[in-house]
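Side-chain atoms are counted along with the backbone in the values below, which use heavy atoms only and exclude waters and symmetry mates.
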Amino acid sequence: MTIYYTLTFAILVTEMFMFGILVVAKALYGLKIIFGFIFVLFIDTINRLQRLDVEEDNEQRHHDYAFEANQRAKKFYAQRNLYLTGFTLFLSLILERTSALVIQMLKREEELESARKESALVGKDQQRLIDMENDYKKQVNTLKAEIKALKDQERDFDTLKKQASQQAAEYDRLADERNAFERAASGQKDEDKKSI
């Protein structure tokens with residue numbers, strides 16, 4: 001094999017190794033350069049194979065065994081190089097696309113993980129807000145109960161004040177009656193009481 005086809009074979013083996021470890025993003029640029037190089041070699045191999053076919057058609061049939069063996073060997077090498085560069089080219093395309101998909105998948109997994117963390121954080125904040133709302137509702141209910149108790153106490157106090165004022169008025173009326181009876185019994189008049 002010639003040097004550049006040996007190099008192509010080495011690139012094929014390297015690409016297979018890189019496919020095994022799934023390259024990182026910076027290696028994709030190098031893959032594009034290698035892809036261009038392999039594409040040029042593939043075109044060159046197709047040209048050589050066509051040139052050998054044209055030479056075979058143009059040449060007269062020689063019955064020389066060495067000449068025919070040489071021609072068949074050249075054709076074999078050209079076909080081998082065509083398959084080698086073709087498979088390397090195909091693997092380059094597959095490797096580039098697979099690497100792009102893997103990198104895209106890793107980015108999506110990172111986005112998914114950050115979205116999960118964010119949703120968990122939002123969920124915690126939402127739960128904290130729900131807990132605060134429940135605490136405030138409990139406090140509001142407690143304050144409403146206290147307000148109701150205070151209104152009941154105020155109503156009871158108003159009732160007690162009313163009863164106390166009624167009792168005081170009744171006491172004053174009874175005291176006045178008693179004083180009136182005592183004066184009547186002692187002989188004093190109501191007029192003296194008014195002058196006092």
Side-chain angles (χ1 to χ4, degrees), residues 1-140:
M1 279 202 300
T2 58
I3 293 176
Y4 52 88
Y5 287 114
T6 305
L7 183 63
T8 302
F9 181 72
I11 290 172
L12 175 65
V13 171
T14 304
E15 284 180 345
M16 289 170 51
F17 177 73
M18 289 170 62
F19 186 73
I21 60 172
L22 293 174
V23 296
V24 294
K26 291 187 179 184
L28 289 177
Y29 181 70
L31 267 177
K32 290 179 183 177
I33 293 172
I34 290 172
F35 177 76
F37 175 71
I38 300 297
F39 185 72
V40 168
L41 287 177
F42 181 72
I43 298 296
D44 181 53
T45 304
I46 290 174
N47 285 337
R48 279 188 189 200
L49 193 58
Q50 287 177 352
R51 189 174 51 219
L52 284 173
D53 285 339
V54 168
E55 284 178 10
E56 187 179 287
D57 290 340
N58 289 339
E59 300 230 3
Q60 298 173 355
R61 294 281 178 204
H62 291 111
H63 295 290
D64 184 16
Y65 178 73
F67 180 75
E68 287 181 17
N70 189 23
Q71 286 293 65
R72 287 184 181 169
K74 284 182 181 180
K75 190 172 185 175
F76 170 75
Y77 290 138
Q79 287 175 345
R80 180 203 62 192
N81 293 339
L82 176 71
Y83 290 130
L84 180 65
T85 55
F87 286 137
T88 306
L89 191 64
F90 182 69
L91 184 59
S92 296
L93 290 171
I94 290 174
L95 183 60
E96 193 274 327
R97 181 63 182 149
T98 304
S99 300
L101 288 174
V102 167
I103 290 170
Q104 186 179 16
M105 184 183 70
L106 291 173
K107 287 180 183 178
R108 295 296 182 253
E109 284 179 355
E110 289 174 2
E111 290 173 2
L112 178 64
E113 187 63 32
S114 65
R116 283 182 182 167
K117 287 179 182 177
E118 186 177 319
S119 69
L121 183 62
V122 167
K124 287 179 184 177
D125 288 344
Q126 185 179 12
Q127 185 61 37
R128 185 177 54 85
L129 290 174
I130 289 171
D131 291 342
M132 287 175 58
E133 182 181 2
N134 290 338
D135 289 343
Y136 288 143
K137 284 181 180 179
K138 287 178 184 177
Q139 289 177 359
V140 166

Return the CG to CG distance between L52 and N47, rounded to the nearest 0.5 Å.
11.0 Å
Point-to-point distance, once rounded to the nearest 0.5 Å, from CZ of F9 to OG1 of T14
10.0 Å
Interatomic distance, L41 atom CG to I46 atom CD1 [nearest 0.5 angstrom]
11.5 Å
To check you understand the geometry: which heavy-atom pair defines the closest contact between L82 and F42, and what is its length?
CD1-CE1, 3.5 Å
For Y136, check side-chain contact (heavy atoms from CB on, under 4.5 Å) against everything at least two apart and list the hits.
M132, Q139
Kindly give the heavy-atom pair with the smallest separation between A78 and T45, and that separation in Å.
O-CG2, 3.3 Å
CD1 of I103 to OG1 of T98, rounded to nearest 0.5 Å, is 11.0 Å
Neighbour count above 12 (heavy atom, 6.0 Å) for F37 CZ:
yes
Can you list the residues that meet the side-chain contact (heavy atoms from CB on, under 4.5 Å) rule with E113, with sequence neighbours excluded?
R116, K117
With a 4.5 Å cut-off on side-chain heavy atoms, are L129 and E133 touching?
no
Between K75 and D53, is there a side-chain heavy-atom distance shorter than 4.5 Å?
yes
Side-chain heavy atoms of R51 within contact of R48, under 4.5 Å
yes
Lys/Arg N to Asp/Glu carboxylate O, E111 vs K107, below 4.0 Å
no
Return the CG to CG distance between L106 and L101, rounded to the nearest 0.5 Å.
11.0 Å
Roughly how far apart are L7 CG and T88 OG1, rounded to 0.5 Å?
10.5 Å
Please check: side-chain N/O of D44 versus main-chain N/O of V40, any donor-acceptor pairing under 3.5 Å?
no
